Amino acid sequence: MSIETLKLCGLVILLAPLAGAILAGGLGPRVFRSRSHWPVLLGVGSAFVAAIVLFREVYTAPVGETLAKIPLYEWIAASTNARFNVELLIDPLTAIMLVTVTGISLLVVIYSRDYMRDHGQPERGYERFFAYLGLFVFAMCTLVLGGNFLLLYLGWEAVGLCSYLLIGFYYDKPSAAAAAKKAFLVNRVGDFGFGLGILLIYISFGTLEYAAVFDMVQERLLASGEPLTDGRLSAIALCLLAGACGKSAQLPLHVWLPDAMEGPSPVSALIHAATMVTAGIFMIARCGAIFAASPLAMTVIAVIGATTALFAATIALVQTDMKRVLAYSTISQLGYMFLGIGVYAADSAVFHLFTHAFFKALLFLGAGSVMHAMGGVIDMRQFGGLRKVIPWTFMTFVIGSLALSGVPGFAGFFSKDEIIHHALSAHWLLGGIGLLTALLTAFYTFCMVFMAFSGPERIPEGVHAHESGGWMIFSLLVLSVGAIGAGYLGVGGKVFHHFLEPVFAETFAAHMPTHGAVHAVAHQSFWQAYGLMVISGSLAFIGIIGAYVMYVRQPWIPGLVRASARGTYDTLWNKYFVDEAYQAGIVEPAKKTGELCVGLDNYFIDGLIWTVTAIPRGLGYLARTLQGGAMQGYGLSMVAGVTVIVLLVFWCQ
Amino acid sequence: MDVFIAEQSWLLTAIIFSPLAGVMLLWLPPYGDARGVRRSAMLYSLVTLGLTIYALYAFQQSAPQVSAGSPGFQLEQRASWLSLPGDDFKPAIDISYHVGIDGISIWLLVLTAMLMPLCIWGSFSAIRNREREYYSLLLLLQVGMLGVFCSMDLLLFYVFFEFTLIPLYFLIGIWGGPDRRRAANKFFIFTLSGSVLTLAGILYLAYYAYTDLGYITLNIQKLTELGQTGFISPGVQWWLFLAFAAGFAIKVPLFPVHTWLPLAHTEAPTAGSVILAGVLLKLGTYGFCRLSLPIFPAASRELAPVIATLAIIGIIYAALAAWVQRDVKKLVAYSSVSHLGFCMLGLFSMKVAGVNGAVIYMINHGLSTGALFLVIGFMYERYHTRSIDDIGGLAKKMPWMAFFLVFFTLSSIGLPGLNGFVGEFLVLLGTAISAGTSDMRPAGPLGFGYVIPAALGIILGAVYMLWMCQHVLFGPLKEPPNTPDTSTGLTTDLNKREISILVPLALACVCIGVYPKPLLNSFQVAIEQHILPLGTVYATDIEPSRGRYEIPIHREPARTQHVKHARIINNLPDVDSSAKIVVDTQRPTDAPYSFPMSQDTVITSAFDLVKTPGADHIE
């Protein structure tokens with residue numbers, strides 16, 4: 001690997017989208033106008049090309065030389081030992097993430113060129129939208145490329161900012177403004193833990209640079225020379241995990257992601273499905289040295305992942321808003337990735353991250369295309385039978401759905417199956433939840449497909465339904481290819497896993513309790529190796545058939561189910577009342593405390609201070625009455641004074 | 001009395017009093033019209049800014065020489081003020097007009113000089129009566145603030161410190177909101193009553209120093225030396241610290257003496273709020289930093305947990321209080337209380353990183369909160385209300401204002417890449433490492449336990465600021481009737497003048513966020529030399545069982561240091577305390593120097609590790 005090439009690629013990946021964003025944002029309103037997508041498109045395009053070149057460099061590097069550290073400049077230097085650089089770290093994990101991020105971003109930018117237009121005319125804020133997208137690509141690439149925890153944190157917060165800005169893109173809608181704020185704040189709660197984790201790392205190891213920290217963790221040594229205790233390591237891991245739960249919308253910090261669907265659909269596809277929300281998984285994978293060494297943290301990750309996967313899938317069953325179904329499905333799939341990492345199969349988790357990026361971006365863009373055709377309506381109760389109306393969208397959406405459901409041959413199947421396989425070998429319950437969730441996933445996905453596309457044609461009144469423009473279809477088609485093909489990178493020769501091996505060899509792979517299980521796959525009997533595939537494949541079909549029966553053959557069943565299990569249905573419809581619980585349990589008490597603080601300020605503290613100042617004031621009043629200007633008073637007091645002095649003199653003698 | 005004359009020694013005096021000259025010019029006939037007054041005031045403040053930038057240049061030019069071992073103050077000028085030669089009957093008095101700057105004060109000067117023209121420019125349309133008086137008072141206020149940051153004599157410091165009260169009192173009392181009289185009185189009484197105690201402290205300190213030195217001096221460097229070498233006994237330090245803190249804490253303002261601030265901010269005219277938040281509050285933290293920490297090190301350590309606890313209570317308390325405000329300006333005022341809590345926390349971590357963070361936090365808070373007050377002021381000029389209940393959804397109508405409000409909000413809540421984050425991170429880092437010695441310095445008084453509640457304040461910071469943005473900028477448009485008021489020639493959105501005021505502030509925020517190194521380096525040198533001097537060894541840090549004590553000495557290739565001698569105060573007369581320090585200037589490692597010492601030897605201080613070039617082996 002040539003460091004110079006890598007440095008150049010890294011800089012292009014970071015700066016080209018940023019430059020595009022600045023151009024679009026700064027000159028957009030005056031110069032570019034309806035062509036504001038071009039600077040961002042070119043910026044992200046260059047970044048994608050650079051990412052490919054970078055990937056090739058890493059891919060062709062000899063074994064053992066796949067890691068490069070590139071310092072750029074000294075950023076914060078406050079004392080002898082508190083010095084932090086802006087530096088890049090490039091390894092196979094980075095390379096894969098960069099290609100995924102820039103690739104999907106490029107497609108989303110292309111898609112948005114048509115999506116953000118109304119009858120060929122750019123929407124209000126067109127240039128702002130593209131500027132935010134460019135900024136996001138810059139932020140996400142900083143997160144991925146950064147060579148220390150501080151840059152990770154920078155990227156982490158910056159993607160959060162972009163998410164905030166884009167969720168609130170339609171800011172005159174109160175729900176969008178509220179959702180944007182909610183997303184930022186829930187993430188801040190996670191970042192509270194994340195930040196503490198970073199500070200703990202600094203206290204423990206005296207540095208924030210990845211390589212140095214991970215080396216010391218491997219050697220179980222603190223900067224002070226004392227041994228690193230399990231407790232401290234777990235504390236660090238759990239603090240970092242809080243951040244990951246926030247960004248990747250895992251329990252109990254998942255509440256922001258469904259609301260984030262207030263943003264434009266391309267944003268949902270890019271930020272809230274394919275890239276930003278996977279930052280938590282990326283971070284855990286990156287910090288494998290820390291997490292893998294803490295069995296406690298790993299158990300927590302696995303449990304959170306499995307619980308979230310099932311939890312979100314059950315909610316997805318009853319939602320009728322297409323984008324919300326997809327949002328819960330994203331939470332559920334992110335749960336799978338957590339589960340994968342939690343059972344030490346980080347490569348499988350990253351693999352799922354990779355495939356998921358394609359098919360979930362495809363689904364969201366498909367949903368966006370539906371929404372575009374339906375004039376902004378996305379509630380599936382309002383329309384149906386669209387397969388003829390928007391055939392391209394229909395076709396690609398079905399491909400995405402098949403991939404999400406885990407139908408054999410499609411991308412999702414391979415990666416999800418691997419995770420379930422590892423989960424089963426860790427604990428039967430984890431694997432069982434994985435299988436159950438797979439069944440539910442196939443079911444709710446195809447419920448959605450059948451509700452939207454099958455049956456008689458129903459279109460909201462006054463809407464001129466039409467197939468989307470060429471830029472959008474292009475993106476959908478490219479992503480469809482990914483949704484089918486991406487999975488094959490992981491089968492057979494295991495190209496994908498082999499490439500990632502150096503990253504996880506000394507972390508997750510080394511700490512795996514059932515060490516060697518991955519390699520043993522090749523030596524298993526047919527049923528051991530393929531039995532699970534058959535089971536999970538059939539579950540996908542059962543789910544699809546169930547959805548077909550319920551929504552196409554016997555459409556009266558859903559109503560009956562709803563009526564007979566009212567309580568369960570309401571609970572799911574209201575997302576287990578988590579939002580309400582937070583509102584009543586945290587937000588309201590905090591506000592009440594705020595009122596109390598203001599009250600204290602105005603009455604107690606000020607009262608106290610005025611009381612203190614009242615003493616001299618009182619004395620002053622007293623003195624004033626004595627000096628009213630009446631001669632009698634002065635005479636009287638003079639006499640009294642003289643008497644006192646005389647008496648004193650006598651008494652002293 | 002040797003008068004230190006350096007090149008350009010006139011510069012600081014010129015900077016401090018240039019606004020005063022401006023005031024005089026303003027009152028010279030021929031009296032121009034209001035327009036002329038405004039423009040001249042702006043011009044005079046720009047002259048001060050120009051001089052300050054020249055001072056920054058001169059400072060940077062001579063910085064390399066400073067790090068080689070001189071006392072570290074530059075552009076010094078000293079003239080006798082209250083000086084008397086002593087004889088048998090009365091002590092000599094050495095109180096002088098003594099100004100000079102180090103790496104901390106130069107940037108605070110720049111901040112002050114930068115904010116003032118922007119404030120004056122921002123007042124062009126807002127102030128419509130008694131303009132000559134108004135701009136004169138603003139310029140006078142600047143004299144006081146610049147003077148504080150340059151003072152190297154405690155009495156001079158105090159005079160300037162108190163002088164700032166008078167112009168601001170009138171600014172609030174005459175050009176303020178409906179409740180301005182009460183606000184001005186409250187502000188004046190609060191701050192004055194605190195600083196009276198400070199004056200008592202100063203007098204006692206002068207007397208105490210006299211008992212040791214034999215003459216009366218209020219030279220800050222001399223007092224620092226006394227404090228660092230342990231001549232001020234811990235008990236005395238304790239009381240003096242409290243006396244100083246009384247004045248500074250009210251200024252900061254530290255919980256629970258912060259209640260004057262929200263009122264003063266709400267009622268003050270925009271420029272008054274900007275200066276109040278941007279610079280005047282920093283006088284308090286600057287006082288703690290410049291005086292309390294170096295002169296009363298033992299008391300600072302002892303009382304740091306108390307101060308830090310109050311700071312943390314303030315962070316959370318003010319954040320919660322900000323959340324329920326309906327008046328945008330009051331919300332930002334409470335946010336100042338919360339933010340200054342972070343600043344105090346950083347200072348009392350007593351670590352270079354933490355103090356460095358606190359100092360850059362001062363600058364950052366001046367920029368972002370100052371800018372927020374400006375934006376809110378611009379909004380108020382158009383809508384004549386600041387109540388969240390009356391306005392909403394302004395982003396659609398005022399995209400520029402929305403951009404700047406969001407931008408400075410993000411800077412204020414510490415988004416990485418912008419300025420706020422650098423300070424916030426370093427403050428928390430300094431607090432976290434305070435208890436340890438990983439930076440080769442004695443352990444500080446705080447620790448990780450303080451970080452957790454403080455970090456909670458960061459969440460709350462985002463809560464109330466974004467809540468405010470959401471209500472003011474987003475959602476459906478809501479305006480009071482007959483607004484926006486464009487009768488004074490304003491446009492619906494910000495006009496070019498207003499944008500030009502905010503752009504430099506925004507640029508400064510980005511620059512500090514992306515490349516804070518020039519500031520941090522400059523602060524670091526100053527902190528290591530003047531605030532937490534090197535080689536400060538506390539008796540409590542000595543581990544007699546080891547039989548040797550290591551004096552941590554910071555080494556960096558660019559500024560190799562040489563040790564001349566160590567003063568070791570032995571309180572056990574029969575133990576030989578002769579210590580030998582051998583210094584190899586060519587040593588490649590960063591390892592601290594060490595020297596053997598007898599088990600019972602107690603080092604009270606090693607401040608006298610004087611750095612002189614060329615001395616590398618001294619007994």
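Throughout, protein chains are lettered first and strands after them, A, B, ... in sequence-line order, and every chain is numbered starting at 1. Everything numeric here is computed off the predicted structure, so don't read it as measured data.
- Residue A:A176 does not touch chain B at all, counting heavy-atom pairs closer than 4.5 Å.
- Comparing B:P476, B:A318, B:G393 by how many heavy-atom pairs each has under 4.5 Å with chain A, the most go to B:P476.
- In this structure, the separation between OH on A:Y202 and CD1 on B:I433 is 5.0 Å, given to the nearest 0.5 Å.
- Note: B:L429 CG to A:L208 CG = 7.5 Å, rounded to the nearest 0.5 Å.
- Interface residue B:Y317: backbone and side-chain heavy atoms are both found under 4.5 Å from chain A.
- Here the closest non-hydrogen pair linking B:A455 and A:L196 is CB-CD2, 4.1 Å.
- Neither the backbone nor the side chain of A:R128 comes within less than 4.5 Å of any heavy atom in chain B.
- Considering only heavy atoms from C-beta on, A:W75 comes within 4.5 Å of B:P516 through its side chain.
- The greatest number of non-hydrogen atom pairs below 4.5 Å with chain A, out of B:L466, B:I527, B:L426, is found for B:L466.
- Heavy-atom distances place both the backbone and the side chain of A:V587 under 4.5 Å from chain B.
- Residue with the most contacts toward chain B among A:L199, A:L185, A:D601: A:D601 (heavy-atom pairs, distance under 4.5 Å).
- Looking at B:H471, there are no atoms closer than 4.5 Å to chain A (heavy atoms on both sides), in backbone or side chain.
- Residue B:L519: no heavy atom, backbone or side chain, is found under 4.5 Å from chain A.
- Residues B:L477 and A:D172 have side chains not in contact (no heavy-atom distance under 4.5 Å, counting atoms from C-beta outward).
- With a 4.5 angstrom heavy-atom cutoff, A:Y164 touches chain B only via side-chain atoms.
- In this structure, A:K591 and B:W467 approach most closely via the heavy-atom pair NZ-NE1, 3.8 Å.
- Side-chain contact between A:Y171 and B:L473 is absent, with no heavy-atom pair separated by less than 4.5 Å.
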Side chain to side chain contact (heavy atoms under 4.5 Å, CB included) between A:R188 and B:V463, intermediate numbers included
CA-CA 9 Å; A:R188 268 264 157 144; B:V463 170; over 6 Å; no
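- In this structure, A:Y153 has its ring center at least 6.0 angstrom away from the ring center of B:F425.
- Contact annotation for A:L608: neither backbone nor side-chain heavy atoms come within less than 4.5 Å of a heavy atom of chain B.
- Note: B:F421 CZ to A:E157 CD = 8.0 Å, rounded to the nearest 0.5 Å.
- Contact count against chain B (heavy-atom pairs under 4.5 Å) is highest for A:A590 among A:S175, A:G160, A:A180, A:A590.
- Residue contact with chain A, scored on non-hydrogen atoms closer than 4.5 Å, involves the backbone and the side chain of B:I458 alike.
- With rounding to the nearest 0.5 angstrom, the CZ atom of A:F192 is 5.0 Å from the CG atom of B:L456.
- Most heavy-atom pairs under 4.5 Å with chain B: of the set A:V86, A:I605, A:L165, A:D191, this distinction falls to A:I605.
- Of all heavy-atom pairs spanning B:A353 and A:A78, the tightest one is CA-CB, 4.2 Å.
- Heavy atoms of B:V514 lying under 4.5 Å from chain A belong to its backbone as well as its side chain.
- For the atom pair NZ of A:K182 and CD of B:Q470, the computed distance is 12.0 Å after rounding to the nearest 0.5 Å.
- For the set B:N521, B:I452, B:I316, the count of heavy-atom pairs under 4.5 angstrom toward chain A peaks at B:I452.
- We find the CG-CG distance between A:L600 and B:L320 to be 11.0 Å, quoted to the nearest 0.5 Å.
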Given B:W323 and A:T593, is the side chain to side chain contact (heavy atoms under 4.5 Å, CB included) satisfied, shown in steps?
CA-CA 10 Å; B:W323 192 9; A:T593 321; over 6 Å; no
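- Put simply, of B:L263, B:I413, B:V257, B:T431, the one with the most heavy-atom pairs under 4.5 Å next to chain A is B:I413.
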